[in-house]
Protein chains: 2
Amino acid sequence: MEDSLSLKLAALADPTRRAIVARLARGEASVSELQKPFGISQPAISKHLKVLERAGLIEQGRVGQSRPRRLRVDALRATGAWFDQVADLWRDSFDRLDALLMETENDDVEHR
Amino acid sequence: MEDSLSLKLAALADPTRRAIVARLARGEASVSELQKPFGISQPAISKHLKVLERAGLIEQGRVGQSRPRRLRVDALRATGAWFDQVADLWRDSFDRLDALLMETENDDVEHR
DNA sequence: TAGATATATAACTTCTTAGTTATATGAAAG
DNA sequence: CTTTCATATAACTAAGAAGTTATATATCTA
């Protein structure tokens, strides 16, 4: 699994990481701030952050000894766009099927 | 990882499964039809389908010895909604920050 | 009923992941 | 400069995922 979309979706398939992303949607935060809500070790959080960063969903700043993370909303939106695309594809197919049925119906009428 | 959203995102983190979903967006298809585009074994496809079904993203029909799969678009849309929610959260925070800055600016003006 | 076709299941291998503890690095503050 | 605080990295373990081949099950067809 190498492609960018797979990386992002895999990153967001974990509830801890989704919670981190949701937290960062409210503004940037340090590693220790991000750790607080969860009952897991600091290295575990750092690992989660690395996964999110590798996926391009967050980025780091640096303020003294703190490395605040911030959300890359553009990347998040781009990921969500996949769902809309597929849903649109579905709607198009549905519309085409619908149109086809309509047409048949009209034929019936004209031949009546 | 037990929750429904995690299951769906994990299912879609795989490019083969996303391709299957995209194919099903165009209409239902049998296992053998779904297998064709990929260079992997039939059991591997059946496994992917099981993952998608367990996530609630597809469902089975039965026509003779064939078990056509179809997309559950509602479930797909619900999954995509998560991205919008977080993006909205971000926008709200942004707006609040913006309003705060505006307010400060006005104060400055009034005190000038 | 026998053989072919569509799909599922089992057993196994290899790789990845999420977590752990222990330790390193590097800036801040006394 | 030594201690403390924030974070990163390493080494390890346990569990899960994706693929394989071999085999089972069920329906259709001759």
Side-chain angles (χ1 to χ4, degrees), chain A residues 1-24 27-71 79, chain B residues 1-24 27-71 79:
Chain A
M1 194 250 295
E2 272 248 286
D3 66 295
S4 163
L5 184 50
S6 296
L7 277 178
K8 290 184 213 300
L9 290 173
L12 295 170
D14 183 282
T16 302
R17 287 194 292 261
R18 280 201 306 281
I20 290 175
V21 165
R23 166 61 188 80
L24 291 177
E28 58 174 47
S30 71
V31 175
S32 33
E33 283 168 349
L34 291 172
Q35 182 185 356
K36 275 175 196 161
F38 308 102
I40 69 181
S41 67
Q42 172 264 313
I45 293 287
S46 282
K47 240 180 180 180
H48 281 308
L49 293 173
K50 187 168 271 184
V51 172
L52 287 169
E53 185 166 29
R54 192 163 116 74
L57 288 165
I58 65 173
E59 56 188 10
Q60 300 195 30
R62 164 163 276 201
V63 177
Q65 66 204 108
S66 167
R67 276 94 154 166
R69 302 320 207 267
R70 80 183 64 85
L71 183 59
T79 310
Chain B
M1 193 250 294
E2 271 248 286
D3 66 294
S4 163
L5 184 51
S6 296
L7 277 178
K8 290 185 213 300
L9 290 173
L12 295 171
D14 183 281
T16 302
R17 287 194 291 260
R18 281 200 305 281
I20 289 174
V21 165
R23 165 63 187 79
L24 291 178
E28 60 175 47
S30 71
V31 175
S32 31
E33 282 167 348
L34 290 172
Q35 183 185 356
K36 276 176 197 161
F38 307 102
I40 68 181
S41 67
Q42 172 264 312
I45 292 287
S46 281
K47 240 180 180 179
H48 280 308
L49 293 173
K50 186 168 272 185
V51 171
L52 287 169
E53 185 166 29
R54 191 163 117 75
L57 289 165
I58 65 172
E59 55 187 11
Q60 302 194 30
R62 165 162 276 201
V63 177
Q65 66 203 105
S66 167
R67 276 93 152 165
R69 301 322 206 266
R70 78 183 66 85
L71 182 59
T79 310

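Chain letters run A, B, ... following the sequence lines, proteins first and then strands; every chain starts at 1.
- Here dA6(C) presents its P atom at 16 Å from CD of Gln60(B), a figure rounded to the nearest Å.
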Side chain to side chain contact (heavy atoms under 4.5 Å, CB included) for Leu24(A) and Leu34(A)? Distances and angles first, verdict last. CA-CA 9 Å; Leu24(A) 291 177; Leu34(A) 291 172; 4.0 Å; yes
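- Atom CD in Gln35(B) sits about 10 Å away from atom P in dT20(D), given to the nearest Å.
- Between Ile20(A) atom CD1 and dT7(D) atom P the separation is 13 Å, expressed in whole Å.
- In this structure a side-chain-to-backbone donor-acceptor pair under 3.5 Å is present from Ser6(A) to Ala13(B).
- Summarising the geometry, the separation between CZ on Arg17(A) and C1' on dT16(C) is reported as 12 Å, rounded to the nearest angstrom.
- Within the 4.0 angstrom heavy-atom criterion, only backbone atoms of the sugar-phosphate kind lie near Lys50(A); the bases stay farther away.
- The CG atom of Leu52(A) sits 10 Å away from the P atom of dA18(C) (whole-angstrom rounding).
- Taking only side-chain atoms of Pro43(B), from C-beta outward, the nucleotide of dA18(C), dG19(D), dA10(C) with the closest atom is dA10(C).
- Atom OG of Ser30(A) is separated from atom CD of Gln60(A) by 12.0 Å, given to the nearest 0.5 angstrom.
- If you measure from atom CG of Leu34(B) to atom C1' of dA8(C), you get 15 Å, rounded to the nearest angstrom.
- Here the C1' atom of nucleotide dT17(C) and the NE2 atom of His48(A) are 10 Å apart, to the nearest Å.
- Checking dT20(C), dT7(D), dT7(C) against the side-chain heavy atoms of Arg69(B) singles out dT7(C) as nearest.
- Residue Ser32(A) places its side chain closer to dA6(D) than to any other of dG19(C), dA8(C), dA6(D).
- Of the candidate nucleotides dT20(D), dA8(C), dT7(D), dA8(C) has the atom nearest to the side chain of Arg67(B).
- Side-chain N/O atoms of Gln42(B) and base N/O atoms of dA6(C) include no donor-acceptor pair closer than 3.5 Å.
- Arg69(B) places no side-chain N or O within 3.5 Å of a backbone atom of Ala29(B) that could act as its donor or acceptor partner.
- Atoms CG (Leu9(A)) and C1' (dT16(C)) sit 17 Å apart, rounded to a whole Å.
- Toward the 5′ end of DNA chain D lies the nearest nucleotide of Ser66(A), the other residue of the pair Lys47(A) and Ser66(A) mapping further downstream.
- For Gln65(A), the listed nucleotide lying nearest its side chain is dA27(C); candidates were dG19(C), dT7(D), dA27(C).
- Each of Arg62(A) and Val51(A) has a nearest nucleotide on DNA chain C; the 5'-most of these lies closest to Val51(A).
- Heavy atoms of Ser41(A) sit under 4.0 angstrom from at least one base atom.
- For the side chain to side chain donor-acceptor pair (under 3.5 Å) criterion with His48(A), the lone passing option out of Gln35(A), Arg17(A), Glu53(A) is Arg17(A).
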